[in-house]
**Student:** 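Below you'll find the structure I mean.
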Amino acid sequence: MTGKDIIKITLNLVIIYVIGGLILALVYAKASPVIFKNNEKAKQQALKQLMPDADDIKKAGDWAPHEKHAEYFIAKKSDETIGYVVQSFGKGYSSYIDTLIAVDRDFKVQKINILHHGETPGLGDEIEAESFKGQFKDKDLGHLKVMKTETTEYIQAISGATISSRAVTEDAVKNGVDFLIKTVKEGGTGNVTGRHN
Amino acid sequence: MSVKKEHELIVSVSPHVRSEETTSRIMWTVSLALLPAALAGIYFFGLKALFITALCIVSSVVSERFYLKIVGKKSVVGDGSAFLTGLLLGMNMPASLWSFSPFTAHVPVIASFVAIVITKQLFGGLGFNVFNPALIGRAFALISWPKAMTIWNEPAAAFLAMDAKTTATPLGILKEEGVTRLIEVFGDKINLYTHLLTGNRAGSIGETSAVAILIGGLFLLYRGYITWHIPVSFLGTAAVIAWVFGGKGALFTGDPIVHLISGGMMLGAWFMATDYVTSPSIRKGQIIFGIGCGFLTMLIRLKGGYPEGVMFAILIMNCFAPLIDRGVRSRVFGAVKQVKAKENRK
Amino acid sequence: MSQGATINLKDQILNGIIKENTIFKLALSLCPSIAVTNNLKNGVLMGVAVLFVQVMVNLTISLLRNVIQPKVRLPIFMLVISGWVTVTDMSMAALVPDVYKQMGLYIQLIVAFASILARAEMFASKNKFIPSMADGIGMGIGFLFALTVISFFRELLGKGSLWGMHIVYTKPLLILILPAGGFFAVGILMALFNWIDARYMKKTSPVSH
Amino acid sequence: MSNEFIKLFELILSASLINNFVFTRFLGLCIFFGVSKKMETAVGMSITFTAVMMISAAMSWVIFNFIMVPLDITFLKIIVFIGIIAGLVQASDTIMRKITPGLYYKLGIYLALISTNCIILAVPLVNAGEKYSLLESLAFAFGSGIGFALALIIMASIREKLELADVPAPFKGLPMAFIVTGLIALAFTGFSGLITL
């Protein structure tokens, strides 16, 4: 191999890599805003679904359940706060269960949604079922408890998946609500929004 | 053909099988040894238990016949291995499966098919299977129908009752609510032990009666069909780990007896882990195998997601059995080589 | 010429689907493809993604074949492949975000598919534009076909649904959507393919010889 | 400090046993089926693979966090990582051939195969996605390497046993290897729920 060859080959490589890089950068420039917008849209939709009455749901801050990044939001209807939405994690059977919880102004749970989990198919994945999630309506902090027997006052466990049921109820939801009460009540609503707006 | 098969079989499992014993005699003797435990299960769980066990046996034998017919091999059903697999599988199923709303009676049938065809016949038939067929059948069922496989009937209901009350197994209570609650459920400690020993507790059909299983196991040991290595190292390791790590908080406060006589520990240690084909054939390898089973069982029971770990522990060790055999054997050869090399140097 | 090209095209496509089916016959590029086949939608989309990458890579390399220095062809092939994979990755993230969430990693791993590199090296770097495209389409469709078949059975039996819609309201064989069941499904389908192949070969061999 | 240590240990255990790449994520299958026919090749591959995996994970981490993140070109990660791996494989090929020819003849043949193994690319991608620290990345790479090695060695020992067996014709070879892997995966489900990550 002569020096000339090496230069030729290097040039060849460099040119093709630069062109490839440029093309990719171009595609990236086109795609990344769309990706970003889609993610934002999906997030807004998920929030809206939990708080159908609200006309404005704004991020209020971050927190870190189980050392994971999570956010919380304030839901308003014609400039009046009607509730809060908090993201939280529960340590389940084989995964951390990513949950969104909506509460009203008295910190009673309105609705929850499971965003992501890796629980056992056929057992633990029933936390996604309406029959389980529906139980959370109007529960306050004191009633977020899993019972293995039939109950409407507390949360009834999914048969065969007590660990997953507990993870959602007593870890994710309870901690999320507890966090909201502590931050919003003690920090004061105005304070929290003021800091971030 | 069948003569050739038997011959092959004996070659592959030679360390255990005495040449004068035929495969079929071994299979029928092991089935006989299982009888006390099976009868105890039927006594405690009633007619449903009998139906499930029979269903497993029939499905296994039919699956084997069916498969052999399709591939055009001569039938070796007479060797009793399909019967034994069906019996073991049936004993590892909850009696509650005999239920028509929801319908779950197909579970034993499909599990038997998986046990016989996928785990045994696809590997070339008895003697070549790597995994214990009955255990694969049960694991397959547990994962495919996780709910149906974890509904446990309360024992000692009326013999003919078709819908018995459901309850948690002792290990389930132990896992979720702790040992204090377990003793509370059974009254006192002595009561707990006697219930576990006789088999008057929730669980799979054939695993509940520790005494009946022990009788069968000792019978096999006495007749020389199995050796002490696997059961003793299995149960010993499990007992030590249960004693050291099984307690709450402090070390050395666990209760090894509860762990030994609950769940499938006894049935697994005496009848499943000792399967000739799927365990190592050299003594030293068998001890390693047993220790591995005991360790993994307790790992899953104490730290894992499932309340019971015997089945998975044995299956995982089944994966390692060929490797253990290979390792132990090559180390023996290695030692010989070293000696020879030294002699050569001299 | 157009006549010849179409026949050729048809043969090449058939070749990719049956004789040299990447998954069932050549057993290449198994990894990320099987991981996503526990439902039909993901399986088909993965197949489409691979089809797209395969065709585009073949086209690009066929175009560049006179420019590329043979000594550095492999790094350049890798660049072309990973470039197209990145494009696919980003487009899927933009277009089908919910699917992308589940299989993003596996889309990125298309880079390591031996079959794509092999076709680039064996075929596209030596052939003209149109045959290269036909080859890419054939291999890609074969791949798509295999993934569709696997994911069809796994979703139907494992979840009792197809493309997310419930067909039966029980889960007949839940294990099929789990990893262990995935291996069983592929193993059994492969054996089935072998068996059909053996039968088919026996029947046609007197004719072809 | 000890918490950190436990987390690393859990990462290794999880990557090698519970979320074993081969048994639960179907990755590395081509190589897995290719080199598990004989024990000797399986062992050789295992050693080479784990070593290359650790080095490539470390290099990818450094380049990703110190060059790509500051320059905001993380969208090029696929190209860069595959480049690192290909370069590393090429370099170790040359170096080994010169410095330890004995070792090269034993393990060198596996080097070329490694660059087409998806696990080796998946690990840096996962590391980048999960934002692992350098130590965590190394632990994850080590666990994945050990997990792959374990899978290979178990499989090789079983396939040696299978060689004597009378497997039905359509199942001979790969289909049977798949069934065996499925059975091992079934056994390994027992590890699920051991650690929640």
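Just so we're on the same page: letters track the sequence lines, and every chain starts at 1.
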**Student:** If you take all heavy atoms of Phe183(C) and Val22(D), which pair is closest and at what distance?
**Tutor:**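 Where Phe183(C) meets Val22(D) most closely, the heavy atoms are CZ-O, 3.3 Å.
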**Student:** Any idea which heavy atoms bring Phe26(D) and Gly182(C) closest together, and the distance?
**Tutor:**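 Heavy atoms only, the tightest pair is CZ-CA, 4.0 Å.
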**Student:** For Ile120(D), is it the side chain, the backbone, both, or neither that has a heavy atom closer than 4.5 Å to a heavy atom of chain C?
**Tutor:**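 When you check distances to chain C, no heavy atom of Ile120(D) falls under 4.5 Å.
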**Student:** Counting only heavy atoms not in Phe153(C), do more than 12 sit closer than 6.0 Å to its CZ atom?
**Tutor:**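 Open.
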**Student:** Hey, could you give me the NZ/CG distance between Lys77(D) and Asp89(C), rounded to the nearest 0.5 Å?
**Tutor:**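 Nearest 0.5 Å value for the NZ-CG distance: 6.5 Å.
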**Student:** Kindly determine whether Thr86(C) and Ile79(D) satisfy side-chain contact (heavy atoms from CB on, under 4.5 Å), including the steps that lead there.
**Tutor:** CA-CA 8 Å; Thr86(C) 310; Ile79(D) 297 181; 4.1 Å; yes
**Student:** Could you check whether any side-chain heavy atom of Ile175(C) comes within less than 4.5 Å of a side-chain heavy atom of Leu186(D), counting everything from C-beta outward?
**Tutor:**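 In contact.
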**Student:** To check you understand the geometry: which heavy-atom pair defines the closest contact between Gly182(D) and Ala180(C), and what is its length?
**Tutor:**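 Closest approach of Gly182(D) to Ala180(C), heavy atoms only: O-CB, 3.5 Å.
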**Student:** If you define the side chain from C-beta out and look only at heavy atoms, does anything of Ile82(D) sit under 4.5 Å from Leu79(C)?
**Tutor:**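 Not touching, per the 4.5 Å side-chain cut-off.
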**Student:** Heavy-atom cut-off 4.5 Å, strictly under: side chain, backbone, both or neither for Ala86(D) against chain C?
**Tutor:**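 Contact with chain C is absent: no heavy atom of Ala86(D) under 4.5 Å.
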**Student:** Tell me if the CD atom of Glu40(D) is crowded by more than 12 foreign heavy atoms within 6.0 Å.
**Tutor:**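 It does not: Glu40(D) CD has 12 such atoms or fewer within range.
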**Student:** Work out which heavy atom in Asn194(C) is nearest to a heavy atom in Pro175(D); give both atom names and the distance.
**Tutor:**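 Closest approach of Asn194(C) to Pro175(D): ND2-CG, 3.7 Å.
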**Student:** Calculate, to the nearest 0.5 Å, the distance between atoms CG and CD1 belonging to Leu121(D) and Ile110(C) respectively.
**Tutor:**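 So the CG of Leu121(D) and the CD1 of Ile110(C) are separated by 11.5 Å.
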**Student:** Give me the atom names and distance for the closest heavy-atom approach of Ile78(D) to Gln108(C).
**Tutor:**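 In this case the closest contact between Ile78(D) and Gln108(C) is CD1-CG, 3.7 Å.
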**Student:** With a 4.5 Å cut-off on heavy-atom pairs, point out which of Ala185(C), Ala112(C), Gly83(C), Ser82(C) contacts chain D the most.
**Tutor:**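 Maximum pair count with chain D is reached by Ser82(C).
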**Student:** If you count heavy atoms of other groups shown closer than 6.0 angstrom to NZ of Lys172(D), is the number above 12?
**Tutor:**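 Yes, the 6.0 Å shell around NZ holds more than 12 heavy atoms from other groups.
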**Student:** Might you point out which heavy atoms bring Val186(C) and Phe178(D) nearest each other, and give the distance in Å?
**Tutor:**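 Closest approach of Val186(C) to Phe178(D): CG1-CE2, 3.6 Å.
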**Student:** Rounded to the nearest 0.5 Å, how far does CG of Leu105(C) lie from SG of Cys118(D)?
**Tutor:**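 If I round to the nearest 0.5 Å, the distance is 9.5 Å.
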**Student:** Can you tell which part of Leu189(C) gets under 4.5 Å to a heavy atom of chain D, answering side chain, backbone, both or neither?
**Tutor:**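 Neither part; nothing is under 4.5 Å.
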**Student:** For Phe21(D), is it the side chain, the backbone, both, or neither that has a heavy atom closer than 4.5 Å to a heavy atom of chain C?
**Tutor:**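 Looking at Phe21(D), nothing touches chain C.
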**Student:** Top residue by heavy-atom pair count (under 4.5 Å) with chain C, among Ile184(D), Val180(D), Leu125(D)?
**Tutor:**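 Max contact count across the listed options: Leu125(D).
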**Student:** Tell me, side chain or backbone of Phe113(C) under 4.5 Å from chain D's heavy atoms, or both, or neither?
**Tutor:**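 When you check distances to chain D, no heavy atom of Phe113(C) falls under 4.5 Å.
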**Student:** Measuring only between side-chain heavy atoms, which start at C-beta, is Arg25(D) closer than 4.5 Å to Tyr106(C)?
**Tutor:**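 Yes, at least one pair of side-chain atoms sits under 4.5 Å.
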